[in-house]
Amino acid sequence: MTTLSDETRATFADIRARIATIPRVSLALTPTPLHEAPQLARRLGGPRIFVKRDDLTGVALGGNKTRNLEFRLAHALRDKPDVVIVGLDLQSNSARQTIGCCNKLGLSTILVLEGKIPNEIQGNLLVDYLLGADVRFAGDRDEQRRMLDDAASEVRAQGLVPHILNDNPMFDVASAIAYIECTMECLEQLATVGATPRTLYMSSSGKGQAGLVLAKRLFDASFEVRCVTATREHSVPARTAEIANRTAARLGLELRISPDEVVNFEGYVGQDYGIPNAAGNEAVKLFAETEGLILDPVYTGKCAAAMIDHIRRGEFDRQDVVLFIHTGGVPAIFTHHHLWGRP
Ligand SMILES: Cc1ncc(COP(=O)(O)O)c(C=O)c1O
């Protein structure tokens with residue numbers, strides 16, 4: 001059974017045709033699965049819950065960045081690079097997926113992480129090493145920038161071509177496009193089971209959210225988009241609207257998103273970015289115990305904490321359909337193993 005209208009289908013075809021004009025390489029295993037989570041819903045006594053498995057995008061333990069790397073690395077390939085150089089945070093999911101995707105494309109990588117080499121190599125960093133990246137550590141952002149440029153000079157001195165991914169202009173727009181596509185997948189998959197979502201939850205501080213907000217507008221959809229940030233670094237509504245508008249322009253669409261259309265919850269960050277908190281940890285445990293689904297305590301757990309909180313406050317009816325988009329980040333459970341090591 002499918003409940004997508006002819007009009008929606010035509011709009012999907014139009015948006016897909018526009019996206020098809022942007023250079024791309026195939027990396028992610030899409031469409032990612034989508035399934036219902038009945039045990040979780042039963043435990044919460046709340047609405048029907050579906051989970052979109054973007055933790056299963058297929059490269060180096062998956063996650064949301066694999067989708068946008070299809071566009072970012074296609075852009076990088078125009079320079080015909082031998083070595084991709086990227087500067088990110090110490091326990092970055094983005095770094096892990098970038099290295100994995102570069103491996104698939106036959107590109108070497110130099111990874112400059114901001115932070116000190118930890119005593120214990122765990123989580124994303126462990127996977128970065130496993131993937132064979134040349135991993136270096138920078139004390140702060142300034143030093144990281146210098147090290148990126150030095151690495152590029154070093155590569156050139158070997159007669160090879162470097163590409164500094166941090167200077168690649170595609171990150172924001174590619175993420176938004178990726179999550180317009182993800183929304184289309186979700187709506188198609190939900191239609192096959194006759195479900196219409198009332199609310200979408202996703203961990204985002206703007207880039208992915210821009211895609212969901214654009215999708216809502218483009219498809220004239222009735223669902224609400226509730227994203228949950230894992231950091232207080234940005235003013236997320238303004239950032240989301242700005243990325244959405246740049247993305248719309250890139251796709252040749254005449255529409256404007258304003259910051260007051262953007263719903264993003266900052267209240268679940270807790271103490272700070274990267275620091276697990278009680279509500280997020282409870283959410284991780286609950287998903288694991290009810291559905292065998294592994295979230296992470298840095299991003300998706302905090303987003304799930306928001307969803308659970310809203311359900312417990314009675315914001316949904318039993319027959320409502322809520323969609324939780326799992327953006328990955330799973331290696332962080334090993335970095336924070338002290339949280340789960342005992343019953
Ligand atoms: C697991 C996970 N979820 C969500 C996000 C947020 O993505 P964005 O703010 O780009 O939408 C990230 C970003 O690093 C992430 O690693």
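Atoms within each ligand, like the ligands themselves, are counted from 1 in listed order.
Considering only residues two or more places apart in sequence or on other chains, Asp14 meets the salt bridge (charged side-chain N to carboxylate O under 4.0 Å, His left out) condition with Arg18. Partners of Phe223 under the ring-ring contact (aromatic ring centres under 6.0 Å, His included) rule, at least two apart in sequence or in another chain, do not exist in this structure.
Sorted by first and then second residue, the pairs that involve residues 79-104 and meet salt bridge (charged side-chain N to carboxylate O under 4.0 Å, His left out), not counting sequence neighbours, are Asp89-Arg141.
Side-chain contact annotation: Thr335 with Gln122, donor-acceptor N/O pair under 3.5 Å absent. Defined by atom type and a distance below 3.5 Å, a donor-acceptor pair is present between the side-chain atoms of Ser5 and Thr8.
By the 6.0 Å contact criterion, CZ on Phe334 is open, its count of non-hydrogen atoms from other residues, nucleotides or ligands being 12 or less.
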Using a cut-off of under 3.5 Å, which N/O atoms of ligand 1 pair up with protein N/O atoms, and what distance separates each pair?
from	atom 1	to	atom 2	distance (Å)
ligand 1	3 (N)	Thr327	OG1	2.7
ligand 1	7 (O)	Asn64	ND2	3.2
ligand 1	7 (O)	Lys65	NZ	3.3
ligand 1	9 (O)	Ser205	N	2.8
ligand 1	9 (O)	Ser205	OG	3.1
ligand 1	10 (O)	Lys65	NZ	3.4
ligand 1	10 (O)	Lys207	NZ	2.9
ligand 1	11 (O)	Ser204	OG	2.7
ligand 1	11 (O)	Gly208	N	2.9
ligand 1	14 (O)	Lys65	NZ	3.2
ligand 1	14 (O)	Tyr299	OH	3.3
ligand 1	16 (O)	Asn93	ND2	2.9

